[in-house]
Amino acid sequence: HHSRCSNSVCNPSGNNVPALRYWLRSVREGCYMITSYAAQHVGSTLWHNARLSSSLPQALASHLDVMEDRHLRILLRHGLTPLMTHCPVAARPAWLLPILSSMLPLMHGRLSSRWGQVAAAAAAAAAGAGSGQQQQQQQQQQLSDEVVGE
């Protein structure tokens, strides 16, 4: 066993919620890493495999609406970017359209929402007066930093 593994950490079947989260994160990130490696090194065998092209893009695009921003960021960086970078032009409709048709509207909605929050915080800060104005500006800056940090 790895030093991080104990029965409660490596066996996600128990009631240990942190262990289950760690296990799920490890599986998700491992799958993205395998996808990235395949996109970079497997070549035409990957891109012309009908079973993979009909299932992997749909799997990557599933449940995006309930993913936290931090998980979407990992998917973009380690799953989608390698596919887009290495996918041959002829294979792009099968591989990229299922992902992008789900991802792009979702990302537009999330970005619009987050910038709306920043704009609302800025407006509230501008409307504030006296000692409360500095506190509101700090809150607006903190919100802006959080949005940019996502």
Side-chain angles (χ1 to χ4, degrees), residues 1-126 137-150:
H1 282 287
H2 186 273
S3 63
R4 291 188 73 153
C5 291
S6 67
N7 256 354
S8 64
V9 172
C10 292
N11 180 4
S13 63
N15 291 330
N16 188 337
V17 173
L20 181 59
R21 286 184 183 145
Y22 175 78
W23 181 79
L24 286 171
R25 187 184 81 200
S26 298
V27 169
R28 180 182 54 249
E29 290 175 4
C31 290
Y32 294 158
M33 289 171 39
I34 290 168
T35 302
S36 175
Y37 182 84
Q40 295 175 53
H41 301 289
V42 173
S44 65
T45 304
L46 171 71
W47 306 116
H48 299 298
N49 184 310
R51 270 183 53 194
L52 282 176
S53 68
S54 68
S55 62
L56 186 58
Q58 286 79 7
L60 289 172
S62 65
H63 307 293
L64 296 175
D65 56 326
V66 294
M67 271 191 190
E68 294 177 20
D69 290 342
R70 62 192 172 108
H71 298 299
L72 278 173
R73 189 173 49 246
I74 293 169
L75 171 60
L76 285 169
R77 184 178 299 141
H78 300 292
L80 187 56
T81 299
L83 287 177
M84 291 185 70
T85 303
H86 299 284
C87 186
V89 173
R92 288 179 184 167
W95 281 90
L96 300 181
L97 285 180
I99 300 170
L100 294 177
S101 64
S102 297
M103 177 76 72
L104 294 177
L106 174 78
M107 294 307 295
H108 179 265
R110 287 195 185 193
L111 288 170
S112 297
S113 173
R114 300 306 188 273
W115 283 119
Q117 292 172 355
V118 169
Q137 288 174 343
Q138 289 173 342
Q139 289 173 343
Q140 186 272 335
Q141 183 62 45
Q142 182 181 6
L143 178 60
S144 178
D145 291 345
E146 289 174 12
V147 169
V148 172
E150 286 289 325

**Request:** Please name all residues satisfying ring pair (Phe, Tyr, Trp, His ring centres under 6.0 Å) with His108, sequence neighbours left out, ordered by chain then number.
**Result:**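 By the ring pair (Phe, Tyr, Trp, His ring centres under 6.0 Å) rule, His108 matches no residue at all.
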
Find the distance between [atom1] ([X]) and [atom2] ([Y]) and round it off to the nearest 0.5 Å.
X: Leu100; Y: Leu83; atom1: CG; atom2: CG; result: 10.0 Å
X: Leu56; Y: Asn49; atom1: CG; atom2: CG; result: 10.0 Å
X: Met84; Y: Ile99; atom1: CE; atom2: CD1; result: 9.0 Å

**Message:** I need the full list of side chain to side chain donor-acceptor pair (under 3.5 Å) pairs touching residues 33-44, with sequence neighbours left out, sorted by first then second residue.
**Reply:**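 As it turns out, the side chain to side chain donor-acceptor pair (under 3.5 Å) pairs with a partner in residues 33-44, which skip direct neighbours, are Ser36-Gln40.
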
**Item:** side chain to side chain donor-acceptor pair (under 3.5 Å) partners of residues 52-64, not counting sequence neighbours, each pair once
**Value:**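 Matches after skipping sequence neighbours: none remain.
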
**Prompt:** Which residue pairs pass the salt bridge (Lys or Arg N to Asp or Glu O under 4.0 Å) test with at least one member in residues 33-61, sequence neighbours excluded?
**Reply:** none

**Asked** Is there a side chain to side chain contact (heavy atoms under 4.5 Å, CB included) between Leu20 and Leu24 once you walk through the steps?
**Response** CA-CA 6 Å; Leu20 181 59; Leu24 286 171; 4.1 Å; yes

Please name all residues satisfying side-chain contact (heavy atoms from CB on, under 4.5 Å) with [X], sequence neighbours left out, ordered by chain then number.
X: Met67; value: Tyr32, Leu64, His71, Leu72, Leu75
X: Glu29; value: Arg25, Ile74
X: Ala91; value: Trp47, Cys87, Pro88, Trp95
X: Leu97; value: Pro93

**Which atom of Val42 lies closest to which atom of Thr45, heavy atoms considered** = CG1-CB, 3.9 Å

**Request:** Can you see which heavy atom on Ala61 is nearest to which on Pro98, and at what distance?
**Result:**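 In terms of heavy atoms, the two residues are closest at CB-O, 3.7 Å.
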
**Prompt:** Is there a donor-acceptor contact under 3.5 Å from the side chain of Ser26 to the main chain of Tyr22?
**Reply:**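 Yes; judged by distance alone, with no hydrogens or angles, the pair exists.
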
**Derivation and outcome, side chain to side chain contact (heavy atoms under 4.5 Å, CB included), residues Leu80 and Leu60** = CA-CA 8 Å; Leu80 187 56; Leu60 289 172; over 6 Å; no

**Item:** Contacts of type salt bridge (Lys or Arg N to Asp or Glu O under 4.0 Å), residue Arg110, not counting sequence neighbours
**Value:**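 Per chain and number, Arg110 pairs via salt bridge (Lys or Arg N to Asp or Glu O under 4.0 Å) with Asp69.
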
**Request:** For Arg21, look at atom CZ and say whether over 12 heavy atoms of other residues, nucleotides or ligands are found less than 6.0 Å away.
**Result:**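 No.
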
